[in-house]
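Heads up: the structure comes next, in structure tokens.
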Amino acid sequence: NSEATVYVNGNKVCYHEGGYSTFRADITEYCKEEGENLLVVECSNIANDYVYPQNADFTFYGGLYRGVNLISVPNAHFDLEYYGGPGIKVTPQIEGEDAEVEVEVYVTNRKEGQELYYTILDKEGQAMVEWSSTEEKVAMKLPKVHLWQGRKDPYLYTVEVKLMEGERELDRVSTHFGCRTFQIDPNKGFILNGEKYPLRGVSRHQDRWGLGNALLPKHHEEDMEMICEMGANTIRLAHYQHDQYFYDLCDEKGMVVWAEIPYISKHMPEGRENTISQMKELITQNYN
């Protein structure tokens with residue numbers, strides 16, 4: 001937080017502005033095939049006029065406070081570089097008792113003859129719908145859909161997509177999703193699946209005494225347990241993109257989320273591009 005530069009063996013690989021979202025760097029060409037490789041993530045929270053936030057009513061921490069992972073994939077793989085997204089997008093549309101589930105994947109270096117195998121699984125992991133196609137965007141019918149009903153019944157399906165070359169699996173990607181409708185009415189308030197659903201909740205920051213922003217999964221779980229215990233059904237995630245682990249917890253626990261980027265307190269003319277990139281990252285990483 002809030003700027004990061006990635007180096008491999010002394011070579012600059014990428015630079016990222018913004019301290020709250022996932023970003024990735026393709027380090028393939030900078031790695032040696034034999035011997036050790038040195039990976040450096042250089043962080044800076046120096047004051048500037050182009051990365052948000054710079055002025056607000058909460059503490060800005062520095063350093064490397066989220067997880068770093070090495071991901072190894074074959075040459076043909078699901079995309080990893082588009083705004084830190086998962087390479088898959090799921091859009092369910094309720095149609096009576098059923099749902100039409102549109103699934104779109106993004107594939108890098110795909111060759112002719114490589115097929116995609118789509119599967120929708122229920123909460124217990126049983127396959128509900130299976131589909132094979134050469135298309136990277138398909139629509140599948142999910143019969144007698146089990147709706148996501150907030151705190152009462154936060155039912156989640158899973159979509160899994162495999163990239164296959166003959167009988168060989170090259171790569172796979174999966175994501176959870178809920179099927180629901182929602183409306184916001186100026187007189188009736190929030191409406192979930194056709195019924196009034198009054199929103200009562202809290203605003204949450206991602207820091208703790210003695211840890212700053214460097215929360216572990218158990219700390220996110222403790223926060224969620226306290227929020228559920230007090231009877232809340234919605235959370236404002238202030239004032240920035242939170243850890244993806246917590247967004248996933250919100251889906252699993254039935255929380256309606258208000259999500260934000262840290263465009264706050266003071267407008268910076270030089271920060272316009274940063275607000276756009278942070279918003280694209282927030283949406284892309286949490287579309288499903």
Open item on the list: Between Y118 and S132, does the side-chain contact (heavy atoms from CB on, under 4.5 Å) criterion hold? Intermediate values first, please.
Closed with: CA-CA 6 Å; Y118 298 81; S132 63; over 6 Å; no
Pair [X]-[Y], side-chain donor/acceptor within less than 3.5 Å:
| X | Y | result |
| --- | --- | --- |
| E225 | H220 | no |
| R110 | H77 | no |
| Q241 | Q285 | yes |
| D207 | N213 | no |
| E160 | S174 | no |
| Q54 | N48 | yes |
| R66 | Q206 | yes |
| N45 | E3 | no |

Open item on the list: Working note: H205 + H239, criterion ring-ring contact (aromatic ring centres under 6.0 Å, His included); need CA distance, chi angles, decisive distance, verdict.
Closed with: CA-CA 7 Å; H205 275 284; H239 288 284; 5.5 Å; yes
Open item on the list: Is there a side-chain hydrogen bond (donor to acceptor under 3.5 Å, both in side chains) between S277 and Y83? Walk through the geometry before answering.
Closed with: CA-CA 8 Å; S277 66; Y83 291 103; over 6 Å; no
Task: Cationic N near anionic O, under 4.0 Å, E222 to R208 - done: yes
Does a sphere of radius 6.0 Å around [atom1] in [X] hold more than 12 heavy atoms from other residues, nucleotides or ligands, not counting ones at 6.0 Å or beyond?
| X | atom1 | value |
| --- | --- | --- |
| K32 | NZ | yes |
| E124 | CD | yes |
| Q93 | CD | no |

Any side-chain to backbone donor/acceptor pair from [X] onto [Y]? Under 3.5 Å, distance only.
| X | Y | result |
| --- | --- | --- |
| N233 | R200 | yes |
| N1 | G63 | no |
| D79 | T108 | no |
| D49 | E270 | no |

How far apart are the closest heavy atoms of [X] and [Y], and which atoms are they?
| X | Y | value |
| --- | --- | --- |
| I235 | C250 | CD1-SG, 4.0 Å |
| T134 | L116 | O-CD1, 4.5 Å |
| G19 | Y65 | O-OH, 2.6 Å |

pair [X]-[Y]: side-chain heavy atoms closer than 4.5 Å:
| X | Y | value |
| --- | --- | --- |
| V145 | Y155 | no |
| V159 | T119 | no |
| Y247 | N286 | yes |

- [ ] Could you check K218 against E221 for salt bridge (charged side-chain N to carboxylate O under 4.0 Å, His left out), going step by step and ending with a plain yes or no?
- [x] CA-CA 5 Å; K218 67 177 182 179; E221 292 165 7; over 6 Å; no
Open item on the list: Test salt bridge (charged side-chain N to carboxylate O under 4.0 Å, His left out) on E104 and K89; report intermediate values, then the result.
Closed with: CA-CA 5 Å; E104 186 173 6; K89 182 171 73 172; 3.6 Å; yes
- [ ] Might you work through the ring-ring contact (aromatic ring centres under 6.0 Å, His included) test for Y240 and F58, ending with a clear yes or no?
- [x] CA-CA 11 Å; Y240 38 75; F58 58 95; 5.4 Å; yes
Task: Step-by-step salt bridge (charged side-chain N to carboxylate O under 4.0 Å, His left out) determination, E260 to R236 - done: CA-CA 8 Å; E260 301 180 2; R236 177 196 178 197; 2.5 Å; yes
Open item on the list: For a side-chain contact (heavy atoms from CB on, under 4.5 Å) check, start with the C-alpha distance between I94 and L147, then their side-chain angles and the critical distance, and finish with the verdict.
Closed with: CA-CA 9 Å; I94 307 300; L147 297 177; 3.7 Å; yes
TODO: Could you check D223 against R204 for salt bridge (charged side-chain N to carboxylate O under 4.0 Å, His left out), going step by step and ending with a plain yes or no?
DONE: CA-CA 9 Å; D223 282 0; R204 188 242 187 190; 3.0 Å; yes
TODO: For Y197 and R151, run side-chain contact (heavy atoms from CB on, under 4.5 Å): C-alpha distance rounded to whole Å, both residues' side-chain angles, the deciding distance at 0.1 Å, then the answer.
DONE: CA-CA 10 Å; Y197 193 75; R151 290 291 310 278; 4.0 Å; yes
Task: Pair L163-Q114, side-chain contact (heavy atoms from CB on, under 4.5 Å): steps then yes or no - done: CA-CA 7 Å; L163 177 62; Q114 294 174 346; 4.1 Å; yes
Open item on the list: If hydrophobic clusters are built from ILVMFWY residues whose side chains come within less than 4.5 Å, do W131 and V161 share one?
Closed with: yes
